[in-house]
Amino acid sequence: MSESRYRVLVIASHPVQYAAPIYRLMAQHPRVYFQVAYCSLRGAEAGHDPEFGTTVKWDIPLLDGYAWTHVPNRGTGSESFFGLYNPGLWKLIRQGRFDVVICHLNYIRCSFWISYFGARIGSAAFIFGTDASSMEPRDGRGWKRLFKPLVWRFLFRLATQVLTASSAGQKLMQSLGIPEDRISMTLDTVDNDWWSREGERANRAQVRASWHVDLSDRVVLFCAKLQPWKRPLDVLRAFAGAAIPRSVLVFAGDGTLRSTIEAEASALGVRDQVRILGFVNQSQLPGVYRASDVMVISSEFEPFGLVVNEAMLCGCVVVASDRVGAVGDLITPERTGFVYPCGDTHALAYTLRRVVGDSWQWDEIRRRARAQMERWSPQVSALALVDAVTRAAAHKGKFRQAGKAFVGGTPAAKASRPDVRAS
């Protein structure tokens, strides 16, 4: 007789390269029948990314190795409440007899609430969460600082189980009064094996030659969208101030600040030392990290920062601002990387001079960073997600009562054990 399994539906806005490895692992788990519902296929299909300012289609498989379905979006596609309006989710959830629904949509999208009420009425446990590591809004607006704590205290109590992606996120949920046993840290991860393998395969000399950079030069990398909250100008100004001999600054990314960076590089007298690659697709990124010596992530708003994972796996030393969520879990200062106060370009310039000047330490830092990444993998994340599903299913009896009360039914007695259907 086959082992009974939890029926799990994940609802995602679109295919994401970081999520696919975890979905494949979940599909192989013996305790889970796993399916993903996509509200759009952006990323797997070519589409305009407004933050990159270009058309993006990731050049690695995103839809292989797990069951998925596309639920058409009847909304506008914009960044608004009705940007994602997928009424087909209601039928999918109601007819699918799922034990657990995991929703990766933003709560300010209509389809989040379609998913929530579909799960409630269908007596499915409803899991959602956030990758946030602080209450700080990306645009810095003061009213959001007041609004978020009030709304989030209510919002996350709607979840049967809350997902977080970092230790800082876990502490944030605890500060909102969410019970510890209802918080699951599932980790923000990349495909460690793929990044390590592709990084080792990359030809450092060939990539540098394509940039017109010598093997003996020191290369500082910025790998992100060229947007204000990523603070790429901080890196440019710190690089110019550091005045490191035989050094080059590479920007791998595109966005609204590109022309500003070009103009300021000329004004600072470092234009010949700066390379702007534009958007770099996934298959080429391991070579970019491998050809670089130091990667700076300077963001003022960065819930986690998966470029930290990528750089560490490819042997690139990381310097991160103290606003980057990954700092608390992946970077031990002076041991697995370096940290500086966000926005302090003098401190960043000093750090760059020190890191680049002490290149004899790089091998040991890389070794420790690799060891850290072995403990922060998709395999660990998938197991944590299965544990979250198990916990949520254990509360399913209570959830069923809430669902019946919502539609005016008579609450049923609590189940003595999780309701698990054979698949």
Side-chain angles (χ1 to χ4, degrees), residues 187-211 213-224 235 238-239 242-252 273 275 277 280 283-298 304-322 324 326-340 347-380:
L187 315 188
D188 252 344
T189 62
V190 300
D191 189 338
N192 288 11
D193 294 339
W194 185 86
W195 282 97
S196 296
R197 182 177 66 251
E198 294 303 311
E200 290 171 1
R201 287 178 178 174
N203 188 320
R204 179 180 171 95
Q206 188 176 46
V207 175
R208 285 196 169 204
S210 71
W211 300 342
V213 172
D214 292 338
L215 277 174
S216 59
D217 290 342
R218 301 303 190 194
V219 175
V220 177
L221 172 67
F222 176 91
C223 186
V235 183
F239 175 81
I244 302 166
R246 294 189 61 83
S247 61
V248 174
L249 173 60
V250 174
F251 288 95
Q273 294 172 263
R275 310 287 187 271
L277 307 181
V280 180
S283 67
Q284 303 303 310
L285 281 174
V288 171
Y289 289 118
R290 183 74 180 87
S292 304
D293 299 306
V294 178
M295 190 277 292
V296 181
I297 175 169
S298 50
F304 194 78
L306 287 165
V307 292
V308 174
N309 308 47
E310 296 168 357
M312 286 181 165
L313 289 164
C314 293
C316 192
V317 177
V318 175
V319 176
S321 91
D322 58 4
V324 174
V327 164
D329 292 300
L330 298 184
I331 300 180
T332 303
E334 316 290 325
R335 293 186 60 80
T336 61
F338 298 85
V339 181
Y340 74 96
L348 178 54
Y350 170 78
T351 303
L352 287 176
R353 280 195 299 269
R354 183 171 164 227
V355 173
V356 173
D358 292 342
S359 58
W360 58 271
Q361 294 187 64
W362 291 355
D363 286 345
E364 188 60 22
I365 290 171
R366 288 169 179 145
R367 184 191 65 77
R368 294 191 195 112
R370 284 285 186 93
Q372 177 70 8
M373 290 309 302
E374 289 176 4
R375 299 186 289 271
W376 197 270
S377 67
Q379 289 78 8
V380 175

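Worth saying up front: this structure is predicted, and the values here are computed from it rather than measured.
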Side-chain heavy atoms of Ser216 within contact of Arg246, under 4.5 Å
yes

Shortest non-hydrogen pair, Met295 vs Cys316, comes out as N-SG, 3.5 Å

Under the side-chain contact (heavy atoms from CB on, under 4.5 Å) criterion, do Val207 and Arg290 qualify, and how do the steps go?
CA-CA 9 Å; Val207 175; Arg290 183 74 180 87; over 6 Å; no

Is the shortest side-chain heavy-atom distance between Phe338 and Pro333 below 4.5 Å?
no

Evaluate the criterion side-chain contact (heavy atoms from CB on, under 4.5 Å) for residue pair Val380 and Arg375; output intermediate values, then yes/no.
CA-CA 7 Å; Val380 175; Arg375 299 186 289 271; over 6 Å; no

Do Phe239 and Leu348 come close enough that some side-chain heavy atom pair is under 4.5 Å?
no

Contact between Trp211 and Val219 at the side-chain level, heavy atoms closer than 4.5 Å - yes or no?
yes

Which atoms form the tightest heavy-atom contact between Ser321 and Val327, and what is the distance?
O-CG2, 3.5 Å

Identify, with sequence neighbours excluded, every residue that meets ring-ring contact (aromatic ring centres under 6.0 Å, His included) alongside Phe304.
Trp376

Just by distance, do the side chain of Asp188 and the backbone of Asn309 share a donor-acceptor pair under 3.5 Å?
no

Can you name the residues that form a salt bridge (Lys or Arg N to Asp or Glu O under 4.0 Å) with Glu374, not counting sequence neighbours?
none

Given side chains that start at C-beta, do those of Gln273 and Leu249 come closer than 4.5 Å, heavy atoms only?
no

Test of understanding: with side chain to side chain donor-acceptor pair (under 3.5 Å), list the residues that count as partners of Arg367, not counting sequence neighbours.
Glu364

The reported gap from CG in Asp217 to CD1 in Ile244 (rounded to nearest 0.5 angstrom) is 11.5 Å

Is the CZ atom of Arg335 crowded by more than 12 outside heavy atoms at less than 6.0 Å?
no

Just so I know, are the side chains of Trp195 and Tyr289 near enough to count as touching, which here means a heavy-atom distance under 4.5 Å?
yes

Specify the closest pair of heavy atoms between Cys223 and Val307, including all atoms of both residues, with the distance to one decimal.
O-CG1, 3.4 Å

Got a second to check how far Thr332's OG1 is from Arg368's CZ, nearest 0.5 Å?
9.5 Å

Ile331 and Val324, any side-chain heavy atoms less than 4.5 Å apart:
no

Listed partners of Arg208 passing salt bridge (Lys or Arg N to Asp or Glu O under 4.0 Å), at least two apart:
Asp293

Determine the minimum heavy-atom distance between Arg370 and Gly315, stating which atoms define it.
NH2-N, 4.3 Å

Grab the two heavy atoms, one from Ile365 and one from Gly337, that are nearest each other, plus how far apart they are.
CG2-N, 4.1 Å

Gap between atom OG of Ser283 and atom CH2 of Trp194 - 0.5 Å precision:
6.5 Å

So how far is it from Met312 CE to Asn192 CG, rounded to the nearest 0.5 Å?
11.5 Å

If you define the side chain from C-beta out and look only at heavy atoms, does anything of Glu310 sit under 4.5 Å from Val288?
no

Taking Ser196 for its side chain and Asp193 for its backbone only, find out whether a donor-acceptor pair lies under 3.5 Å.
no

Does Cys314 offer a backbone N or O that forms a donor-acceptor pair with the side chain of Glu198 under 3.5 Å?
no

Taking all heavy atoms of Thr189 and all of Pro378, pick out the closest pair and write down the distance.
OG1-CA, 3.7 Å

Val319, Val356, Val339 screened by side chain to side chain contact (heavy atoms under 4.5 Å, CB included) with Thr351, the one that passes
Val319

Those residues at least two apart in sequence (or on a different chain) that pass side-chain contact (heavy atoms from CB on, under 4.5 Å) with Ala243 are none

Taking only residues two or more places apart in sequence, or in another chain, which ones meet Glu334 in a side chain to side chain donor-acceptor pair (under 3.5 Å)?
Arg354

